[in-house]
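Proteins come first, then strands; the chains are lettered A, B, ... in the order of their sequence lines, and each starts at number 1. Just the heavy atoms: all of them, side chains too, but no hydrogens, waters or symmetry mates, feed the values below.
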2 protein chains.
Amino acid sequence: MGKYVTITEIARQLNVSHSTVSRALNGHGRISEKMRSQVVELAERLGYQSNSTAHRLSKGESGIIGVIVPDLSIHFFTKVIAGIQAVLQQAGYEIMLFNTAESMEQEVRAIEQCLKYRVDGVLAAISMKTNAFTHFQKLLRYEMPLVFFDRVANFLPVPKVVTNDYQAASKATRYLISSGCRCIAHITASINLNNSNNRLYGYMDALKEAGMPVKEALIHYYEFDRESIGQFLEKALKQHPGLDGLFVFNDYVANYTVNVLQKLGKQIPTDISVIGFSDEPVATYMTPQLSTVQHGGEKMGGLAAQKLISIIKKNEPVDGEKILINPELVLRGTTR
Amino acid sequence: MGKYVTITEIARQLNVSHSTVSRALNGHGRISEKMRSQVVELAERLGYQSNSTAHRLSKGESGIIGVIVPDLSIHFFTKVIAGIQAVLQQAGYEIMLFNTAESMEQEVRAIEQCLKYRVDGVLAAISMKTNAFTHFQKLLRYEMPLVFFDRVANFLPVPKVVTNDYQAASKATRYLISSGCRCIAHITASINLNNSNNRLYGYMDALKEAGMPVKEALIHYYEFDRESIGQFLEKALKQHPGLDGLFVFNDYVANYTVNVLQKLGKQIPTDISVIGFSDEPVATYMTPQLSTVQHGGEKMGGLAAQKLISIIKKNEPVDGEKILINPELVLRGTTR
DNA sequence: AGTTGTTGCGCACAGGTGTGCGCAGTATCT
DNA sequence: AGATACTGCGCACACCTGTGCGCAACAACT
């Protein structure tokens, strides 16, 4: 007994019209209690499943939200998706997932599909290779509700949910200071400027705030060449033997850094405290476990989804509002 | 500017019927070249996007595949999804993603939604807490194409794509032997029996095959208590000072184990070779980098998707066929 | 010129659901 | 008993696309 049961089929079996069945199941129009229970009972028995597609077609809503992510293998984004899903599910939406693999063509295609499927809204993080934005503008021309998260196009009049990198970095640095560190180095990334620059400024301002000098010799611009980290640390330790704190822009690199420091004979955190960034799984699998900044992926996803829903529902005027997420410190074994 | 353009609207503007427009755009019926170009031109100008929902409704296909995953934060599953997406996109399908967060209720709900949206097929990995299978049986009663991956229900007559854990473990162990190891220990998990038991047998059989004894003292059953690993290693090294090889059921635990061994003064891989399992990102962030078994997530996703498509398209009879994926060794710095 | 073949397009329906309107039947009130 | 109100349900349309059938117009043939 294969295929789906429709309300028309139920209507046929009961010798009534399909509208009666519809009313019985939804309780919207007037319907006698006797007929209602009769219909409900048969629907139950035949295993009726309402056809969302048809329903949404006639209502003009799809019940689907397009979620566009640049790289699923970045753990952070999976947390964002979890946050998105929790909120959307509450509101009765499902997720159509697009993984652009950092390709602009894929991103364009994803948006095309969102339009074709008459998705009710789009949540997107922009790919690194995206250098034109006509596809997003097209979305806006169709008045499609859109919210950016994490990777945003600042100049588009679209709400954006992003991490407060500046505050996060300053918080981490201030903690290092308050726990007794007197000479704090920072490893930052030379690409992906938006995020890491803000973290760099947060680090520098926290130092200045505490009356500590910012020294170029204590800042390393990482460019995906691991060896440079060992060289940097050896040189920094030679110039500043009192080096006792380190803030790293990313947990994976922090993990590597801890290994290098241990190999150089340093005790973590007794000699040197280390704080990473993102709270990736690797953080809890290190020895000692890594203190880090919780990137707040689920929170970001949840807020972005809420914002999107309120745009869809209340039709609120869309502006370029930027929602900042203040990350939390997660203190584990690499700090005092 | 504003809402969607329909073929009816295009037809109205050209004073023809909507079927003419449909034919012009799809080229299925007979149509004059003049009319065709006229329609296409106007459609282009108005920014026409065909309404997939309506199209699929009339064709009786949704063009959507439901993908049910127990935990997105497990990196392996994101690779599977990437593999799935690559294949499905080729075939013109989109993904509706469900993350059950290892909850059976969520899994039941996901399947309910798949039915409501008249999804064309379902790819599922079962949650750990699933102890009844009526929801999957319901899916089968509706003749919904279904393929399991990684976490499967063996007794259901559904194709399954899984890792060949036995062969993977035996391959890893044989490599350790061939690279000169003469005393090889194994850390396995005491839960999730299916997978880890097969790995355990693969390890044991490889030893026997090489004429080496299987010793209980060299096998540790890990139960998420890290301290036990240090205790196990110290004891094993005392009883078997010649211990020079280690096969671990999971990269994260392997990472921890390498840290412990280094702390015990062992050189990796000079004194002891280590092989992990899964090729998680952490493997490349260790020093030395971890040799491991590539779990083959993308391959698994791709094969599962292909199987599903062939069921949908050719309507091939469904059986409980089990497709095994033979993982590859990834040799890095923790082996000789 | 009449017959046959071909071409271009409209009509009407299918797919499943929801709803405004109206009709018939019953209950209530005067 | 007649007027009014209300109840229960069917009809027809909307949402949008695709297609089988048939009609009309025209070309080509005998």
Side-chain angles (χ1 to χ4, degrees), chain A residues 2-40 42-43 46-64 92 113-120 142, chain B residues 2-40 42-43 46-64 92 113-120 142:
Chain A
K3 283 300 117 192
Y4 299 101
V5 180
T6 70
I7 54 171
T8 329
E9 172 61 19
I10 297 178
R12 205 188 52 73
Q13 293 198 24
L14 290 175
N15 279 323
V16 293
S17 82
H18 77 275
S19 21
T20 303
V21 177
S22 170
R23 272 190 284 263
L25 293 176
N26 301 308
H28 278 194
R30 276 194 267 275
I31 189 88
S32 70
E33 175 53 30
K34 186 179 157 200
M35 178 63 84
R36 205 194 58 77
S37 59
Q38 207 177 349
V39 169
V40 168
L42 183 61
L46 296 179
Y48 169 75
Q49 286 282 346
S50 86
N51 184 330
S52 276
T53 312
H55 175 51
R56 306 293 189 169
L57 170 64
S58 74
K59 272 192 86 176
E61 301 168 354
S62 66
I64 302 176
Q113 293 298 317
C114 284
L115 285 171
K116 278 213 168 73
Y117 274 94
R118 300 294 192 268
V119 155
D120 288 341
Y142 280 98
Chain B
K3 281 299 114 195
Y4 299 101
V5 180
T6 70
I7 55 171
T8 329
E9 171 62 17
I10 296 178
R12 204 187 52 74
Q13 293 198 25
L14 290 175
N15 278 322
V16 294
S17 82
H18 77 275
S19 20
T20 303
V21 178
S22 170
R23 271 190 284 262
L25 294 175
N26 301 308
H28 278 193
R30 275 194 268 274
I31 189 90
S32 69
E33 176 53 30
K34 186 179 156 201
M35 178 64 83
R36 204 194 58 77
S37 57
Q38 207 177 347
V39 169
V40 169
L42 183 62
L46 296 180
Y48 169 75
Q49 287 282 347
S50 87
N51 184 330
S52 275
T53 312
H55 174 50
R56 307 291 191 171
L57 169 64
S58 74
K59 269 192 86 177
E61 300 168 355
S62 66
I64 301 174
Q113 293 298 316
C114 284
L115 285 172
K116 278 213 168 73
Y117 274 93
R118 300 295 192 265
V119 154
D120 288 340
Y142 281 98

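Between B:R118 atom CZ and C:dA14 atom P there is a gap of 19 Å when expressed in whole angstrom units. For the pair B:Q49 CD and D:dC16 C1', the computed distance is 14 Å after rounding to whole Å. What separates CD of A:E9 from P of C:dA14 is a distance of 15 Å, to the nearest Å. In this structure, CG of A:L57 is placed 13 Å from P of D:dG18, rounded to the nearest angstrom. Nucleotide C:dT17 holds its C1' atom 11 Å from the NZ atom of A:K59, rounded to whole Å. If you measure from atom NZ of B:K34 to atom P of C:dT7, you get 18 Å, rounded to the nearest angstrom. Atom CG of B:L14 is separated from atom C1' of C:dG8 by 15 Å (rounded to the nearest Å). Atom NZ in A:K116 sits roughly 17 Å away from atom P in D:dC16 (whole-Å rounding).
For the atom pair B:L115 CG and A:S50 OG, the distance stands at 10.5 Å (nearest 0.5 Å). If you take CD on B:E33 and CD on B:Q38, they are separated by 11.0 Å, rounding to the nearest 0.5 Å. Rounding to the nearest 0.5 Å gives a distance of 8.5 Å between CG of B:L42 and CD of B:E9. Distance NZ/A:K116 to OH/B:Y4: 12.0 Å, rounded to 0.5 Å. Taking CZ of B:R23 as the start and CG of B:L25 as the end, the distance is 11.5 Å to the nearest 0.5 Å.
Between its two ends, the helix from C:dA1-D:dT30 to C:dT30-D:dA1 turns its axis by 60°, counting five pairs per end and rounding to 10 degrees.
Pairing each heavy atom of A:V5 with each of A:Y48, the nearest pair is O-CD1, 3.2 Å. Pairing each heavy atom of B:V16 with each of B:M35, the nearest pair is CG1-CE, 3.3 Å. Nearest heavy-atom pair across A:V119 and A:S62 is CA-OG, 3.3 Å. Shown here for B:D120 and B:G63, the closest heavy-atom pair between the two residues is OD2-N, 2.7 Å.
At the phosphate of C:dT17, OP1 or OP2 sits under 4.0 Å from a side-chain N or O atom of A:Y48. Within the structure, every side-chain polar atom (N or O) of B:N26 is placed at least 4.0 Å from both OP1 and OP2 of D:dT17. At C:dG16, none of the side-chain N or O atoms of A:H55 fall inside 4.0 Å of OP1 or OP2 (strictly under the cut-off).
With C:dT17, D:dT19, C:dT19 as the candidates, the nucleotide lying closest to the side chain of A:H28 is C:dT19.
Across the interface with DNA chain D, nearest-nucleotide mapping of B:S50 and A:E33 shows A:E33 to be the residue nearer the 5′ end.
A:T6 comes within contact range of the sugar-phosphate backbone alone, with a heavy-atom separation under 4.0 Å but no base atom that close.
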**Message:** Generate the contact string for nucleotides 9-14 of chain D. Rules: B means base contact, S means sugar-phosphate contact only, - means no protein heavy atom under 4.0 Å.
**Reply:** BBBB--
